[in-house]
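Below: the structure, in structure tokens.
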Amino acid sequence: MTDSATQGIKNVLHPVSDLQAARPVYAALLGVQPVADSPYYVGFEAGGQHIGLVPGGGPQGMTSPVTYWEVPDIEAKLAEVTAAGATVKEPVRDVGGGRLVATFTDPDGNVLGVLQDP
């Protein structure tokens, strides 16, 4: 193990089939209005976490929620989890503003994400 412990769950993305129907449900649940609202993504900030709604699972084809754990060094963490038996699903990519994300699967096929902020 390295000293690259996670800094907690930062983002949780939820695939939704109907963004218009899901938006008010999540706003009611979280008690806040979206901070990002577009046809391809709706995002909320609540309790120090970002909750995102992705219509149709987005280009990633998500079929269930994906949690993104914040890490100080995304490449080191991916190396660590793959050495432990995980398989990279989506390699590191910049999603804007220098934020790096990647996903991997555990031995049971569950998808987990990691992110590194600039």
Side-chain angles (χ1 to χ4, degrees):
M1 299 286 165
T2 68
D3 61 355
S4 62
T6 68
Q7 299 164 351
I9 295 173
K10 179 85 170 196
N11 286 24
V12 180
L13 300 184
H14 295 267
V16 296
S17 60
D18 184 336
L19 196 58
Q20 299 303 320
R23 180 188 296 110
V25 172
Y26 281 83
L29 170 66
L30 301 169
V32 297
Q33 292 303 308
V35 295
D37 196 345
S38 70
Y40 58 88
Y41 186 81
V42 173
F44 299 86
E45 296 289 340
Q49 293 181 325
H50 186 83
I51 308 301
L53 308 179
V54 182
Q60 308 93 324
M62 292 185 310
T63 57
S64 64
V66 176
T67 56
Y68 284 81
W69 298 82
E70 186 175 11
V71 297
D73 183 337
I74 196 167
E75 295 287 356
K77 183 55 72 179
L78 275 180
E80 186 176 354
V81 298
T82 55
T87 302
V88 173
K89 180 171 173 29
E90 290 183 291
V92 176
R93 64 187 169 95
D94 189 318
V95 293
R99 173 174 272 185
L100 303 176
V101 300
T103 58
F104 60 92
T105 57
D106 70 11
D108 290 307
N110 296 305
V111 179
L112 302 165
V114 286
L115 72 84
Q116 176 185 325
D117 278 327

Go through Met62 and Val54 one step at a time and tell me if the side chain to side chain contact (heavy atoms under 4.5 Å, CB included) criterion holds. CA-CA 8 Å; Met62 292 185 310; Val54 182; 3.6 Å; yes
With rounding to the nearest 0.5 angstrom, report the OG to CG distance, Ser38 to Leu19. 7.5 Å
Cluster check Ile9, Leu29: I/L/V/M/F/W/Y, side chain < 4.5 angstrom: yes
Does anything in residues 48-68 pair up under salt bridge (Lys or Arg N to Asp or Glu O under 4.0 Å), and if so which pairs, sequence neighbours excluded? none
Roughly how far, to the nearest 0.5 Å, is the CG atom of Asp117 from the CG atom of Leu100? 8.5 Å
More than 12 foreign heavy atoms under 6.0 Å from CD of Gln7: is that the case here? yes
Spatial distance of atom OH (Tyr40) from atom CG (Leu53) [nearest 0.5 Å]: 14.0 Å
Sub-6.0 Å ring centroid separation between His14 and Tyr26: yes
Check whether any side-chain heavy atom of Val32 lies under 4.5 Å from a side-chain heavy atom of Glu45, and answer yes or no. no
Which pair of non-hydrogen atoms, one from Val66 and one from Leu112, has the smallest distance, and what is that distance? CG1-C, 4.3 Å
Distance in Å, Gln49 CD paired with Phe44 CZ, rounded so as to fall on 0.5 Å steps: 14.0 Å
Starting at CD of Glu75, measure out to CD of Glu80 and round the result to the nearest 0.5 Å. 13.5 Å
So, for Pro91 and Ala102, which heavy atoms are closest and what is the spacing to 0.1 Å? C-CB, 3.9 Å
Least distance between heavy atoms, Val42 atom then Asp37 atom: CG2-OD1, 3.5 Å
Shortest non-hydrogen pair, His50 vs Tyr41, comes out as NE2-OH, 2.7 Å
Using distance only, find each side-chain donor-acceptor pair of residues 81-89 under 3.5 Å and give its atom names and separation, not counting sequence neighbours.
from: Thr82; atom 1: OG1; to: Leu78; atom 2: O; distance (Å): 2.9
from: Thr82; atom 1: OG1; to: Ala79; atom 2: O; distance (Å): 3.1

Is there a path of hydrophobic side-chain contacts, each under 4.5 Å between heavy atoms, that joins Val111 and Phe104? no
Between atom NZ of Lys10 and atom CG of Leu115, what is the distance when rounded to the nearest 0.5 Å? 7.0 Å
Measure across Pro65 and Val12 and return the closest heavy-atom pair with its distance rounded to 0.1 Å. CB-CG1, 4.4 Å
On a heavy-atom basis, which atom in Pro15 and which in Gly57 lie closest, and how many Å separate them? CB-CA, 3.8 Å
I'd like to know if the side chain of Thr103 reaches the main chain of Glu90, judged simply by a donor and an acceptor atom lying under 3.5 Å from each other, with no hydrogens or angles considered. yes
With a 4.5 Å cut-off on side-chain heavy-atom distances among I, L, V, M, F, W and Y, is there a chain of contacts connecting Leu30 to Tyr68? no
Close side-chain approach of Pro34 and Arg23, heavy atoms under 4.5 Å: yes
